Protein chains: 2
Amino acid sequence: MSKLSESKTGDQLLAEDLKDPEIAAELARTAVANQLAILVIQYRVEHGLTQTALARQLGMRQPAIARLEAGDHEPSVAMLARLANKLGISLRLDLTPDSVALVSA
Amino acid sequence: MSKLSESKTGDQLLAEDLKDPEIAAELARTAVANQLAILVIQYRVEHGLTQTALARQLGMRQPAIARLEAGDHEPSVAMLARLANKLGISLRLDLTPDSVALVSA
DNA sequence: CGTCATTATAACAGCTTTGGTATAGACATG
DNA sequence: CATGTCTATACCAAAGCTGTTATAATGACG
């Protein structure tokens with residue numbers, strides 16, 4: 001059980017939470033994972049692909065795609081690069097002192 | 001010994017190499033690591049800090065900074081976020097189908 | 001030369017991410 | 001209901017990143 005989910009539920013979030021570096025780190029981690037999840041799902045449905053088909057295009061198996069779309073883990077830079085390369089898309093990761101955002105570019 | 005250093009020395013690099021996905025991955029990995037190394041060194045010297053002082057600012061030890069400046073490992077997104085946060089800087093990671101670039105923003 | 005500050009390297013542990021297989025759940029369709 | 005397709009989850013192994021301590025190398029300065 002994470003520190004965040006212990007104290008808050010759903011999307012509720014107080015500014016006070018950001019003062020705790022542990023919570024801030026957890027948020028950044030899940031934020032990028034979730035943003036990537038959305039991008040992967042978007043790409044897949046827009047191209048009418050199944051998870052298995054997309055997995056083949058990326059050289060991996062279906063459960064790997066399911067995991068990406070679940071937003072379980074913060075992706076590595078290598079994973080982001082691989083997606084951009086194999087899917088022919090451009091992504092941008094914006095890092096500021098108090099936020100991290102992954103967007104399609 | 002990496003596949004890249006087996007076949008090539010220094011900065012020499014042929015377009016042909018990029019066709020090998022293993023080499024391409026290795027390049028992307030070292031590219032981001034090296035670009036971050038440069039940014040960290042720049043920040044540190046511009047602020048007149050020693051590795052130990054910078055480490056304290058980031059909540060880590062001197063060898064960790066040395067490793068960042070050596071460009072050994074591809075940084076995690078969490079590490080990039082931490083640098084942006086603790087140093088008060090903005091970074092951008094640009095991912096295109098055939099390149100990955102980390103720049104200060 | 002001796003000392004101190006600074007940086008680099010080695011060795012190890014711990015956690016996270018990634019990948020796989022196997023399998024369960026959901027859902028449509030015959 | 002039976003079957004087939006698609007998605008989700010559990011479990012394990014391999015690899016990579018991060019952090020630590022200890023120590024070596026480097027260089028400036030008395």
Side-chain angles (χ1 to χ4, degrees), chain A residues 1-4 21-22 25-38 40-86 93 95 100 102, chain B residues 1-4 21-22 25-38 40-45 47-86 93 100 102:
Chain A
M1 200 63 91
S2 78
K3 198 169 181 181
L4 182 59
E22 239 181 88
E26 167 100 12
L27 277 181
R29 200 173 59 79
T30 62
V32 173
N34 287 325
Q35 287 162 11
L36 178 63
I38 292 173
V40 171
I41 294 174
Q42 270 185 5
Y43 179 94
R44 188 166 65 80
V45 301
E46 281 174 4
H47 290 73
L49 299 173
T50 64
Q51 288 185 346
T52 303
L54 181 58
R56 189 164 39 244
Q57 188 174 340
L58 289 167
M60 48 179 92
R61 304 302 170 96
Q62 174 267 325
I65 302 299
R67 198 162 46 190
L68 284 179
E69 295 188 358
D72 291 359
H73 302 294
E74 173 183 81
S76 65
V77 173
M79 175 65 79
L80 295 176
R82 184 171 169 188
L83 291 169
N85 177 261
K86 300 275 173 82
L93 184 66
L95 303 126
V100 182
L102 176 69
Chain B
M1 203 59 95
S2 76
K3 195 169 182 183
L4 184 59
E22 239 181 90
E26 168 100 10
L27 278 179
R29 201 172 60 76
T30 61
V32 174
N34 286 327
Q35 287 161 10
L36 178 62
I38 293 173
V40 170
I41 295 173
Q42 270 183 4
Y43 179 94
R44 188 167 67 79
V45 300
H47 290 73
L49 299 172
T50 64
Q51 288 186 346
T52 303
L54 181 57
R56 189 164 39 243
Q57 187 173 342
L58 288 167
M60 49 177 91
R61 305 300 170 99
Q62 174 266 326
I65 302 299
R67 197 161 47 189
L68 284 179
E69 296 188 357
D72 290 357
H73 300 294
E74 173 183 81
S76 65
V77 173
M79 175 64 80
L80 295 176
R82 184 173 171 186
L83 291 168
N85 178 260
K86 299 274 173 81
L93 183 67
V100 182
L102 176 68

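In this text, all values refer to a predicted model and were calculated from it rather than measured experimentally. Here is how names work: the chains are called A, B, and so on, in the same order as the sequence lines, proteins then strands, and each is numbered from 1.
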**Asked** Is a side-chain donor or acceptor of B:Gln35 paired with a backbone partner of B:Leu102 at a separation under 3.5 angstrom?
**Response** yes
**Request:** May I have the distance from B:Ile41 (atom CD1) to C:dT7 (atom C1'), rounded to whole angstrom?
**Result:** 11 Å
**Item:** Closest-nucleotide ordering on DNA chain D, the 5'-leading residue of B:Leu80 and A:Ala66
**Value:** A:Ala66
**Prompt:** In whole angstroms, how far is the C1' atom of C:dT16 from the CE atom of B:Met79?
**Reply:** 13 Å
**Prompt:** Distance-only, no hydrogens or angles: does the A:Asn85 side chain make a donor-acceptor pair with backbone N or O of A:Ala81 under 3.5 Å?
**Reply:** no
**Asked** Hey, is the side chain of B:Arg67 poking within less than 4.0 Å of OP1 or OP2 on C:dA10, counting only N and O atoms?
**Response** no
**Prompt:** Which whole-number value in Å describes the distance from B:Leu68 CG to D:dC17 P?
**Reply:** 12 Å
**Item:** Check: B:Leu58 main-chain N/O paired with B:Arg82 side-chain donor or acceptor under 3.5 Å
**Value:** yes
**Prompt:** Could you state the CG-C1' distance from B:Asp72 to C:dT7, rounded to the nearest angstrom?
**Reply:** 14 Å
**Message:** Test side-chain contact (heavy atoms from CB on, under 4.5 Å) on A:Leu36 and A:Leu83; report intermediate values, then the result.
**Reply:** CA-CA 10 Å; A:Leu36 178 63; A:Leu83 291 169; 3.7 Å; yes
**Item:** Distance in Å, B:Thr52 OG1 paired with B:Gln62 CD, rounded so as to fall on 0.5 Å steps
**Value:** 5.0 Å
**Request:** Grab the NE2-P distance between A:His73 and D:dC17 for me, whole Å please.
**Result:** 17 Å
**Request:** Mind running a 4.0 Å heavy-atom check of residues 51-65 of chain A against DNA chain D and sending the residues that fall below it, in number order?
**Result:** A:Gln51, A:Gln62, A:Pro63
**Prompt:** Hey, is the side chain of B:Ser76 poking within less than 4.0 Å of OP1 or OP2 on D:dT18, counting only N and O atoms?
**Reply:** yes
**Request:** Check the pair B:Arg67 / B:Met60 against side-chain contact (heavy atoms from CB on, under 4.5 Å), numbers first and verdict last.
**Result:** CA-CA 12 Å; B:Arg67 197 161 47 189; B:Met60 49 177 91; over 6 Å; no
